[in-house]
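Written out below as structure tokens is the structure these notes cover.
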Amino acid sequence: MSNTCHESMTDEHRRHFTVTPPNLGESKHNPTTAWNCYLRELSKQKKYQEALTVYRHMLRSSFFPNTFTFPVLLKSCALLSLPLTGSQLHAHVIRTGSQPDPYTHSSLISMYSKSSLPHFARKVFDEQSLNLTISYNAMISGYSSNSIFPEAVNIFREMRREMRVSVNSVTMLGLVSGITLPNHLNIGACLHACAFTLGFDSDLSVANSFLTMYVKCGEVEYARQLFDEIPVKDLITWNAMISGYAQNGHARRVLEIYNEMKKVNGVKPDPVTLLGVLCSCANLGAQGIGREVERKIEQFGFHSNSFLMNALINMYARCGNLVRAREVFDCMDEKKKSVVSWTAIIGGYGIHGEGEIAVELFDEMVRSGVRPDRTVFVTVLSACSHAGLTEKGLEYFDEMERKFGLQPGPEHYSCLVDLLGRAGRLKEAMNQIESMKVKPDGAVWGALLGACKIHRNVELAEVAFQHVIELEPTNIGYYVLLSNVYSDAKNLDGILRVRVMMRDRKLRKDPGISYLEYKGKMHLFYSGDTNHPQSKEIYRMLGELENLVKEIHQPDHKCQGRSEEQLTGAGVHSEKLAIAFGLLNTRSGTDITVMKNLRVCVDCHVFIKLVSKIVDRQFIVRDATRFHHFRNGVCSCKDYW
DNA sequence: ATAGGGTTAG
């Protein structure tokens with residue numbers, strides 16, 4: 001806290017403040033300076049709203065803002081996204097002098113840019129006769145953050161032509177942060193070379209920003225190379241790499257690197273680190289590690305971070321522990337429950353097939369005054385379609401625009417098509433696609449294709465496939481789906497055609513992988529796998545189970561699900577191996593939770609159902625789209641084909 | 001003037 005003060009800051013003022021204002025007393029400073037110090041202190045403590053209030057008090061007490069007052073206030077407006085207040089301040093600035101000082105000038109540019117008003121920012125930029133480096137930097141990063149990259153480059157070129165101003169590392173940061181798409185990679189690499197020649201690459205923050213750039217361009221391996229080349233890493237370096245792996249689905253790599261980080265002295269994980277780790281636990285289904293992270297959250301006192309709580313809810317739900325997910329959700333401070341928190345818990349019930357609860361929660365959310373967004377609609381619509389709540393889903397789709405003013409996008413139409421399609425209303429689904437105002441994407445046609453698989457409609461499947469493959473030619477899942485449609489129709493030619501198509505396009509079906517967490521370790525199984533140390537026992541157990549299953553079940557739909565095996569030429573399916581491993585190693589009475597990267601195959605689905613009857617255990621299987629709870633010969637999912 | 005972050009069907 002500053003030691004400066006001013007007489008006229010009365011108790012009347014103080015009553016409004018949470019941070020103690022400077023002491024009254026014998027200040028020899030310029031009165032405005034005391035206010036400025038106070039404002040800076042508030043800004044440091046991220047009390048931006050309060051800083052603006054203090055400013056109003058300041059004006060009311062007839063103190064005039066100066067050069068050091070405005071940047072702090074403008075920053076507050078930028079971070080609170082209050083462009084109106086910001087432009088009022090702009091007017092005040094103009095009133096105090098003809099040309100703002102460099103700091104105020106760059107703060108104005110930054111304020112407009114952060115309020116997504118880059119044109120206003122540019123106007124401020126152009127009005128100044130002689131711009132300095134900081135104004136150039138503000139303008140460049142403004143264009144970058146508003147994804148107007150070409151203009152950022154233009155300003156950069158202009159800057160390099162100007163002899164008066166020099167480029168510095170902040171200039172690089174601004175430029176690099178604008179490169180967020182794979183097709184910008186070339187420019188990014190040029191910039192990297194440029195930074196190297198200018199000697200900025202040794203600046204850690206610049207190196208970190210290049211690392212992030214490679215991640216955003218989808219070049220994780222390249223990012224890793226850069227990561228390894230950085231001699232002294234800081235927390236941001238680690239976090240960038242961790243969330244880089246997390247966002248690109250390399251969950252195992254995240255855990256590896258997190259362990260490495262823990263060994264380094266002087267670097268402590270912060271909320272961003274743990275967020276990346278939790279996200280990966282959710283993808284992997286690694287509940288054990290997720291629990292460890294939760295303990296760390298407690299330990300470090302990050303409990304009030306709502307980002308982390310949302311990630312925790314998501315992690316537990318996706319690891320099959322709905323009960324704990326719900327506990328975390330219920331324990332959250334009501335005020336901190338954002339639409340994201342609701343989405344996480346609604347989605348959790350959705351993937352577990354508990355559509356009714358998902359729907360109730362959605363209504364409760366609306367009642368509690370949280371405005372639904374587009375994402376939560378995707379979640380609730382899919383929850384409805386998994387649970388067969390067709391009418392309810394249609395109702396929501398309708399309300400979306402009518403009641404909440406949200407335009408449905410392709411992602412909502414794919415849910416709608418899925419909803420109608422699963423219910424067998426293929427014709428209506430097709431009509432919906434045709435009536436779409438936005439262009440259907442691959443997922444929309446993919447949902448139709450999926451519905452055709454369930455309801456065995458070869459003709460429509462071919463139409464949907466044609467469309468989907470045009471939009472997503474390398475998505476292997478759709479080839480497999482069509483092949484399965486042919487397989488159900490016993491259309492061998494069709495299967496062959498798909499196989500040829502895949503060969504021509506050099507596409508190979510991903511291997512199916514099943515795994516489960518046991519004693520804190522992941523045990524991984526491929527189909528036909530014999531590498532596991534317990535392999536012999538696993539196969540012996542499976543043999544026994546197959547025999548028992550045969551006694552109580554005569555397969556009446558042998559042909560189904562075969563084509564996947566034909567595409568891979570695989571042996572015993574991975575999910576069976578994982579189930580057998582679980583039975584061998586866990587006590588009776590405990591649930592067995594298995595994760596599978598693709599969909600559970602139909603044969604295995606039947607098999608697991610029957611096994612759950614024989615051994616009296618609950619099996620929880622997570623596949624690519626949802627959870628299956630097998631108990632006593634029944635599965636929780638209502639629509640498995 | 002400044003690098004890292006939560007929720008999303010098929």
Side-chain angles (χ1 to χ4, degrees), chain A residues 71 75 102-103 105-107 109-110 113 132-142 145 168-174 176-177 203-213 215 234-244 246-247 270-276 278-279 282 305-315 317 338-348 350-351 373-386 409-419 421-422 441-451 453 468 472 475 477-478 481 599 624-626:
Chain A
K75 187 182 163 196
Y103 289 100
H105 187 244
S106 48
S107 302
I109 295 172
S110 163
S113 302
L132 297 182
T133 299
I134 49 173
S135 295
Y136 273 101
N137 287 352
M139 199 59 239
I140 287 173
S141 99
S145 56
N168 64 17
S169 51
V170 180
T171 320
M172 291 319 287
L173 290 178
V176 177
S177 63
D203 187 313
L204 186 53
S205 52
V206 174
N208 287 343
S209 76
F210 277 113
L211 204 167
T212 313
M213 176 193 82
V215 166
D234 67 358
L235 183 58
I236 296 204
T237 321
W238 288 98
N239 286 351
M241 201 62 240
I242 286 176
S243 53
Q247 284 158 21
D270 77 344
V272 180
T273 323
L274 300 182
L275 208 52
L278 277 180
C279 170
N305 184 315
S306 49
F307 279 46
L308 278 176
M309 291 304 109
N310 297 340
L312 257 186
I313 296 168
N314 184 43
M315 183 276 293
S338 70
V339 68
V340 177
S341 327
W342 287 95
T343 307
I345 193 71
I346 291 171
I351 46 172
D373 66 356
R374 303 165 57 95
T375 306
V376 75
F377 269 107
V378 173
T379 309
V380 77
L381 287 172
S382 93
C384 288
S385 77
H386 280 317
E411 67 274 38
H412 302 102
Y413 276 98
S414 68
C415 293
L416 179 66
V417 170
D418 189 52
L419 200 63
R422 276 178 205 272
D441 64 359
V444 175
W445 292 109
L448 187 68
L449 181 57
K453 165 72 182 72
V468 86
E472 291 181 39
N475 193 326
Y478 297 131
L481 210 46
R599 301 170 103 104
T625 58
R626 57 132 96 68

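Below, chains carry the letters A, B, ... as their sequence lines are ordered, and counting in each starts from 1.
Note on A/Thr343: a base of the nucleic acid sits closer than 4.0 angstrom, heavy atoms only. In this structure, A/Ser107 reaches the sugar-phosphate backbone alone: every heavy-atom distance under 4.0 Å involves primed, P, OP1 or OP2 atoms, never a base. Across all strands, A/Asp234 comes closer than 4.0 Å to base atoms (heavy-atom distances). Using a 4.0 Å heavy-atom criterion, one finds that A/Ser205 contacts the bases of the nucleic acid, with or without backbone contacts as well. Contacts of A/Thr379 with the nucleic acid, taken as non-hydrogen atoms under 4.0 Å apart, involve only primed sugar atoms and P, OP1 or OP2.
Qualifying side chain to side chain contact (heavy atoms under 4.5 Å, CB included) partners for A/Leu275, counting only residues two or more places apart in sequence or in other chains: A/Phe307, A/Leu308, A/Ala311. Partners of A/Ser141 under the side chain to side chain contact (heavy atoms under 4.5 Å, CB included) rule, at least two apart in sequence or in another chain, do not exist in this structure. Residues forming a side chain to side chain contact (heavy atoms under 4.5 Å, CB included) with A/Cys279 (at least two apart in sequence, or on another chain): A/Ala246, A/Asn283. The side chain to side chain contact (heavy atoms under 4.5 Å, CB included) check on A/Asp270 picks up A/Leu235, A/Asn239, A/Val272, A/Thr273, with sequence neighbours excluded. Legend: residues meeting ring pair (Phe, Tyr, Trp, His ring centres under 6.0 Å) with A/Tyr478, ordered by chain and number and at least two apart, are absent.
Between the side chain of A/Ser110 and the main chain of A/Ser106, no donor-acceptor pair closer than 3.5 Å is present.
Taking every nucleotide of DNA chain B with any atom under 4.0 Å from a non-hydrogen atom of chain A, the first and last of them, 5' to 3', are B/dA1 to B/dG10.
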